[in-house]
Every structure is written in C-alpha cells, then in structure tokens.
Amino acid sequence: MLDIARIREEFPILSRTVYGRPLVYLDSGATAQKPRAVIECTERLYRELNANIHRGVHYLSSEATAMYEAAREQIRTFIGASSREEVIFTSGATASLNTVARSWSERFLREGDNIIISQMEHHSNIVPWQMAAQARGAEIRVLPFDDSGRLCTELLDTLIDSRTRMVAVTQASNTLGTRPDIETVVARAHAAGAHVTVDGCQGIVHGGTDVARMGCDFYAFSAHKLYGPTGTGVLYGRRELLEQMPPCAGGGDMVESVSFEKTTYAPLPLKFEAGTANYVGAIAAAEAVRFVSSLDAAAVEDHERRLTQLAHRLLSEIEGLRIYGTTEDKCSIVSFDIEGVHNYDVGMILDKLGIAVRTGHHCAEPVMRRFGVSGMCRASMALYNTEDEIEALAAGVRRAVRMLRK
C-alpha cells in the first residue's frame, strides 16, 4: 500500500484551498501537479547553474551540459531505449509527434501510400499525420473502437496493405482510458513493413513504458503529465530510422559545419535539437523520473485502479449519467456526461466546490463524434488522489444534477 498522506506532502499545491474549500485536483490528465523535488530542482538550476549548454568551456556551461546529458541517460533508462542517441528532447509531445510526422514523411512517405490512425487519438496524433499525408499525396485510414472503448485491433488486417507506411496509436486514451494492445499493433504493422508511432502521454504515467518490449519505432511523451515541468517533451526513435530522417528545424547546435555552400548536420540526437535547449526543463524532467522511480510501481497501479473502480461505481449510481470507456484494463481516466445537462455547467459547479475536472472535447473530437456528444466531463486521477476525493466528486456531481435539472 502506498503512503498517500506522505506522497501528498510532496505536492505543495494540494494543501491549498479553492473558494474556501480544499482543492480536489482531478485533472492530472491535462497536467499533473509537481512534487517538491521538481520545484526545488527548477529553482536551484536558475539560481545556481544558469548557463547555455554545449556552447561554452566555462564551468557553469560545462556543468549544465553534463547535467543535461545525464538527464538524457535517465530518460533512456526509464523508457528502455537502447542508446542515448535515440532520446531527443523537445518542447512537448506535440512537438515530438510533429517532428516525426514531418521528418519521417519526407524520407519514407510517397504518393499513394497510406497512414493508419486509431479513432481514439488526441489531435496531436492526428493533425500532423493529416498534414504529412496532404503534402505527400497519401491516404489516411482510421482504425475504429467499439462501444466499450476497445480498439478493434482485429480490423487491422482489413486496413493494412503493401502501401501502409505508418500506424499511429495511443498507449492510453486521454478520454476513454483505454490501453490498446500495442504489441499486437506493432507486430501486425511490422509484418507489413510499416512503422509505428505511439503517443505515450497518458500511458507512461499509468503503467510505465518499455519501448524495447513494446517494439514501437517512435514514442512521444510530455514531462508535465509525468509530474515534471511544462515545455519539455521527449521523442524516442529507433536509431536506424532517425539516422535516415532529415532534421525538421535548422539553427544552432544541430549542425556540424556551416557555410554558404553547404551545411552538414550534427550526429544524433543533436540533429533534431535545434536552438538553445530547454536544459532546465530536461534536468527537471529527469528529477520527476527519479521521483516516480522511487515509488513502488505495482502499488501505484493498484491504488489508481481502486480509485478508478470507485469512481465508476459511485458515478454509475447517478441517474442519467453515462461513463465512456469501460474496458477492464483502462487507466485512471473517467469521462462521463449526464442526460439533459451540459458538461460545462457540471464542471463550473464542481469548480465552486473546489473540484477540478476537465470539460469539453479533450482535444479528441473524433471520439466525441463516435458517441454523438459535443463534450464530456473528465476526472483523471493520479497517485496523489484519495478515495475521499472520489467520494467528493460523486457528491459534487449529484449536487450539480439537482441544481441543473430544476
């Protein structure tokens, strides 16, 4: 069992009040709160070690560079990548996915090819592929999910053909909580000669990641959902693919030599890290990884599962409420709507009660269209949430229903 009280003490924001009520933060799927170690790391770096990396011989620059590259190694170990050259720092998962779509498509995508995207993707794993397909004259195909939110991987064989070049899929849906069978997706895609990109923003937080076991070709996540800083992300890519892909941004640090006649590029991973890196963000992200790694992963998973089951049970008792995403192995995300009540109104009433949830389409409009709704309320739980907070959520939703149905 996790010592939740001790864990909550590591997150200063959880002790604050909202409208005179204790904060109940159930929006970690949008951004997770930060432990004291990450906050203090960020402050310490700016106070004691603010110097540009890779570009100076003085002490501060050398030390910052060493810490930045140590952060890369920390991330490499955490996700199971085989070499540091396969870990690229970006400004977030959106930048990571755009980098793959733009650079990979320039090298590997041709007119008449096709890209398969799962129906449950976040916009960041849809729009970049649409842009790439439009630029190259390729086709987008959609792998659907069923009423429970299960991705219909058995339909892959009806979509994949000899011109399939990429399959884009989430490790865990940010709306439904579904955790697709990634290894099956990878196996079927690779058997057809296609590559696989995984959006790991939710999956890396709820269940962890081993890219070697998963077998994917590219993997993207954001540090701010993993208890780390905003503005920092990671792109993992198989080295043999990254070496063939052109950089998608030019500037300092990604070059080996520049002249007006010819520019040669730096080796991996710097080839994809143009400009001054967010070295503070990368180092603080590694601190977040250390925090997560210090916890019992199985105990965290069990705690989040119990919170999810409790939320399902209590919310299901409310008349007219429907939960979307009911697969058995879902992560700790519970999205719902209530017949005759707008999700924004529910969210606003919950906010006045000190309860933070997400409302709207969650950057997953195809999911909303699949269920015929304009939006949902979403409670996304993390390791620092408690059963009392889930009970407060259910009580708040009941109160909102009573007020809004008058």
Side-chain angles (χ1 to χ4, degrees), residues 1-2 26 28-30 32 78-80 93 117-122 125 143-156 167-189 196-216 219-221 225-226 292 295-316 321-336 358 362 364 366-367 370-371 376-385 387 390 393:
M1 297 286 290
L2 291 177
L26 298 173
S28 296
F78 186 66
I79 65 174
I117 306 174
S118 97
Q119 191 180 20
M120 63 179 65
E121 296 309 303
H122 186 283
N125 208 21
L143 179 63
F145 60 85
D146 65 18
D147 289 345
S148 72
R150 181 187 66 87
L151 189 63
C152 301
T153 54
E154 70 276 9
L155 298 180
L156 266 174
V167 178
V169 63
T170 184
Q171 186 184 5
S173 167
N174 76 309
T175 301
L176 305 173
T178 303
R179 292 193 263 209
D181 183 355
I182 297 294
E183 292 181 38
T184 293
V185 173
V186 170
R188 294 185 181 181
V196 178
T197 296
V198 175
D199 174 357
C201 283
Q202 305 297 332
I204 197 168
V205 185
H206 307 293
T209 295
D210 183 337
V211 293
R213 178 182 56 79
M214 194 180 296
C216 61
Y219 184 91
F221 71 93
K225 297 180 191 294
L226 191 64
V292 171
L295 303 173
D296 183 325
V300 171
E301 182 84 358
D302 181 67
H303 173 66
E304 292 182 349
R305 182 183 300 109
R306 286 187 288 105
L307 293 179
T308 306
Q309 291 171 345
L310 179 62
H312 269 254
R313 180 171 64 81
L314 295 179
L315 292 174
S316 295
L321 185 147
R322 178 182 178 183
I323 294 174
Y324 297 92
T326 56
T327 56
E328 185 175 345
D329 188 41
K330 67 179 290 183
C331 70
S332 55
I333 288 174
V334 181
S335 294
F336 61 92
R358 177 81 180 268
H362 315 308
V367 175
R370 167 66 173 76
F371 288 114
M376 304 171 184
C377 292
R378 183 188 72 184
S380 49
M381 294 150 282
L383 55 85
Y384 41 62
N385 289 119
E387 292 185 1
I390 304 306
L393 167 68

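- Contact of the Val169 side chain with the Val198 side chain is registered, since non-hydrogen atoms from C-beta on lie closer than 4.5 Å.
- Atom-to-atom distance recorded for Ser332:OG and Asn385:CG is 8.0 Å, nearest 0.5 angstrom.
- Using a 4.5 Å heavy-atom cutoff, the side chains of Thr308 and Met381 are in contact.
- Note that the CD1 atom of Ile390 and the CZ atom of Arg313 stand 11.5 Å from one another [nearest 0.5 Å].
- In this structure, Thr209 and Phe221 have side chains that are not in contact, with every pair of non-hydrogen atoms separated by 4.5 Å or more.
- Interatomic distance, CG of Asp199 versus CD1 of Ile117, reported as 12.0 Å (0.5 Å rounding).
- Counting all heavy atoms, side chain and backbone alike, Lys225 lies closest to Gly29 at NZ-O, 2.9 Å.
- Rounded to the nearest 0.5 angstrom, Ile323 CD1 and Ser335 OG are separated by 9.5 Å.
- Residue pairs meeting the salt bridge (charged side-chain N to carboxylate O under 4.0 Å, His left out) criterion with at least one partner in residues 323-336, sequence neighbours excluded, are Arg179-Asp329.
- Residues passing the salt bridge (charged side-chain N to carboxylate O under 4.0 Å, His left out) test with Arg378, sequence neighbours excluded: Asp27.
- Distance check: Ile333 CD1 to Leu26 CG gives 12.0 Å after rounding to the nearest 0.5 Å.
- Side-chain contact check for Ser118 versus Leu151: some heavy-atom pair is nearer than 4.5 Å.
- Here the CZ atom belonging to Arg305 is positioned 12.0 Å from the NE2 atom belonging to His303, to the nearest 0.5 angstrom.
- Within the 4.5 Å cutoff, the side chain of Ser173 has no heavy atoms near those of the Phe145 side chain.
- A donor-acceptor pair under 3.5 Å is absent between the side-chain atoms of Thr327 and the main chain of Thr178, judged by distance alone.
- The shortest side-chain heavy-atom distance between Leu176 and Phe371 falls under the 4.5 Å cut-off.
- In terms of modelled atom types and a separation under 3.5 Å, the side chain of Asn174 and the main chain of His362 share a donor-acceptor contact.
- Thr170 is not listed as a side-chain neighbour of Asn125, based on a closest heavy-atom distance of 4.5 Å or more.
- Between Val205 and Val292 the shortest side-chain heavy-atom distance does not fall below 4.5 Å.
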